[in-house]
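All remarks here apply to the structure that follows.
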Protein chains: 2
Amino acid sequence: MKTNEMRSDCPISSSLDIFGDKWSLLIVRDLMLHKTRTYGDFTKAKEKIATNILANRLQVLEEQGIIIKLPYPDNKVKGLYKLSKKGVDLIPAVIEIALWGSSHLSDTDESSPFIEEVKKNKVKFLKKIMDKLMAEDAA
Amino acid sequence: MKTNEMRSDCPISSSLDIFGDKWSLLIVRDLMLHKTRTYGDFTKAKEKIATNILANRLQVLEEQGIIIKLPYPDNKVKGLYKLSKKGVDLIPAVIEIALWGSSHLSDTDESSPFIEEVKKNKVKFLKKIMDKLMAEDAA
DNA sequence: AGTATTTACTTTCAAATTGCAAGTAGTAAT
DNA sequence: ATTACTACTTGCAATTTGAAAGTAAATACT
């Protein structure tokens, strides 16, 4: 669709070339909080992503090796998306964005157990969730 | 221009509503690394932002209280942009993005002194740069 | 003092992206 | 056998982006 050209050799700029939009990191968020998701699960998220945008973002994230598509057990129609190691490594950035939004934006859900736990002990939360997501991934 | 409607009460989603694009965080990056910048300085960055996009992003970031526009000393034409406290608080997220890009994307400048220093001691670097940017801001 | 240049934008317009709605094709359930 | 579910794709209007040119005020140059 679009050629993969980087605007510069800056790692920030090159990262934003991949996920610098309003949707990509929400997909990462959902996979971070739920471990795996189907296509339909993503469309049910409260931000209401359009299906064509979702299909495009899943494709880009998979091409970039950030997410992995697996077959759904005992079902030939469904697929299961999960974060790769590269995707799991994005979690610290997502967490920092969540913390910033939680403390600087009004009308955001400050009282979710997720944000509570991150605020209580960021390092501990990070280790816990990253360990969980990377479990059974020796394969 | 656009109404400020949030897609949800998720702090991540609401944050991306503000800076979820390819340019906003590059403006934050430049202000993080250079403390202050003029309009012209931003246009000279290697990613070559179009001037209309730059003007729009500066306006949004200022409206959101992330950056502050100050008069340039002894010059009535120039302006000086700097990060507010709210903008400085975005630095941890920017740093995490930089670290991710630096370790997971090829052809990014891994050898810049900035990235080197962050990798050596992230907490120390964060404190140093945030202290520097917030200095003389009792005003 | 008059002209050129710098600075910070704005405007114009084509191209690309987004987003809504509807359509499709292959399972799976009843 | 028919209906529903799941994961998309397609069509199209609306919004956003991006390149280029334009503008207006302030500064520098002669």
Side-chain angles (χ1 to χ4, degrees), chain A residues 1-8 13-14 16-27 30-31 34 36-64 67-82, chain B residues 1-8 13-14 16-27 30-31 34 36-64 67-82:
Chain A
M1 192 161 274
K2 61 181 168 189
T3 50
N4 267 23
E5 50 189 44
M6 292 154 86
R7 286 173 295 173
S8 78
S13 148
S14 298
L16 295 176
D17 284 340
I18 296 173
F19 58 74
D21 66 81
K22 299 206 185 306
W23 296 108
S24 298
L25 289 185
L26 294 187
I27 292 173
D30 287 349
L31 292 176
H34 297 103
T36 56
R37 298 264 92 179
T38 64
Y39 190 93
D41 289 335
F42 289 117
T43 66
K44 283 165 206 140
K46 53 191 168 185
E47 287 87 9
K48 297 290 163 221
I49 187 170
T51 60
N52 54 343
I53 307 292
L54 175 60
N56 172 261
R57 291 306 181 280
L58 289 173
Q59 188 193 319
V60 170
L61 290 173
E62 200 185 359
E63 281 169 8
Q64 293 293 332
I67 64 176
I68 298 167
K69 188 181 182 177
L70 302 169
Y72 193 99
D74 306 325
N75 188 310
K76 283 171 188 161
V77 179
K78 291 185 176 182
L80 262 188
Y81 292 94
K82 60 170 285 198
Chain B
M1 194 161 270
K2 60 181 165 187
T3 49
N4 266 23
E5 50 189 45
M6 292 155 87
R7 285 172 296 173
S8 77
S13 148
S14 298
L16 295 176
D17 284 339
I18 296 173
F19 57 75
D21 66 81
K22 299 209 184 309
W23 296 108
S24 298
L25 289 184
L26 295 187
I27 291 173
D30 286 351
L31 293 175
H34 298 104
T36 57
R37 298 265 91 180
T38 64
Y39 190 94
D41 288 336
F42 289 117
T43 66
K44 283 166 206 140
K46 52 191 169 187
E47 288 88 8
K48 296 291 164 223
I49 187 171
T51 59
N52 53 343
I53 307 293
L54 175 59
N56 172 261
R57 293 304 182 280
L58 289 173
Q59 188 194 318
V60 170
L61 290 173
E62 200 186 359
E63 282 168 7
Q64 293 292 332
I67 64 175
I68 298 168
K69 188 181 182 177
L70 301 169
Y72 194 98
D74 306 325
N75 189 309
K76 285 171 189 163
V77 179
K78 292 185 178 182
L80 260 188
Y81 293 94
K82 59 170 287 198

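For the numbers below, each heavy atom of this structure counts, side chains included, while hydrogens, waters and symmetry mates do not. Order of the sequence lines fixes the chain letters, A, B, ..., with proteins taken first and strands second; residue numbering starts at 1 for each chain.
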What's the [atom1]-[atom2] distance between [X] and [N], to the nearest Å?
X: A:R37; N: D:dA7; atom1: CZ; atom2: P; answer: 11 Å
X: A:I49; N: C:dG19; atom1: CD1; atom2: P; answer: 8 Å
X: B:L54; N: D:dA20; atom1: CG; atom2: P; answer: 17 Å
X: A:I53; N: D:dT15; atom1: CD1; atom2: C1'; answer: 12 Å
X: A:L26; N: C:dG19; atom1: CG; atom2: P; answer: 11 Å
X: A:K22; N: C:dT17; atom1: NZ; atom2: P; answer: 16 Å
X: B:D74; N: D:dT27; atom1: CG; atom2: P; answer: 10 Å
X: A:E62; N: D:dC8; atom1: CD; atom2: C1'; answer: 14 Å

Exercise for the section: Kindly say if A:N75 contacts the phosphate of C:dT27, meaning a side-chain N or O under 4.0 Å from OP1 or OP2. Expected result: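 Checking A:N75 against C:dT27: no side-chain N or O falls below 4.0 Å of OP1 or OP2.
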Handout entry: OP1 or OP2 of D:dG18 under 4.0 Å from side-chain N/O of B:W23
Key =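 Checking D:dG18 against B:W23, a side-chain N or O does come within under 4.0 Å of OP1 or OP2.
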Problem - Nearest-nucleotide 5' precedence on DNA chain C, A:R57 against A:K76 - result: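 Between the two, 5'-proximity favours A:R57.
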Handout entry: side chain to side chain donor-acceptor pair (under 3.5 Å) involving A:K48 - partner list, sequence neighbours excluded
Key = none
Handout entry: salt bridge (Lys or Arg N to Asp or Glu O under 4.0 Å) partners of A:K46, counting only residues at least two apart
Key =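 Residues passing salt bridge (Lys or Arg N to Asp or Glu O under 4.0 Å) with A:K46: B:D9.
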Problem - Donor + acceptor pair across side chains of B:D41, B:T38 (<3.5 Å) - result: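 B:T38 and B:D41 do have a side-chain donor-acceptor pair below 3.5 Å.
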Fill in the blank from the handout: Interatomic distance, NZ@A:K78 vs NZ@A:K76, rounded to 0.5 Å, equals 15.5 Å
Using atom names, set out every protein N or O paired with an N or O of nucleotides 8-14 of chain C below 3.5 Å, distance rounded to 0.1 Å.
{"unit_1": "C:dA8", "atom_1": "OP1", "unit_2": "B:G79", "atom_2": "N", "d": "3.4"}
{"unit_1": "C:dA8", "atom_1": "OP2", "unit_2": "B:G40", "atom_2": "N", "d": "2.8"}
{"unit_1": "C:dC9", "atom_1": "OP1", "unit_2": "B:K69", "atom_2": "NZ", "d": "3.2"}
{"unit_1": "C:dC9", "atom_1": "OP2", "unit_2": "B:K69", "atom_2": "NZ", "d": "2.9"}
{"unit_1": "C:dC9", "atom_1": "OP2", "unit_2": "B:Y81", "atom_2": "OH", "d": "2.8"}
{"unit_1": "C:dT10", "atom_1": "O4", "unit_2": "B:T51", "atom_2": "OG1", "d": "2.8"}

Handout entry: Flag, side chain of A:Y39 to backbone of A:T51, donor-acceptor distance under 3.5 Å
Key = yes
Fill in the blank from the handout: All heavy atoms of A:K22 vs all of B:D17, minimum pair found to be NZ-O, 3.3 Å
Practice task
Indicate the atoms forming the closest heavy-atom contact of A:S14 with A:S8, along with that distance.
Solution key: OG-O, 3.2 Å
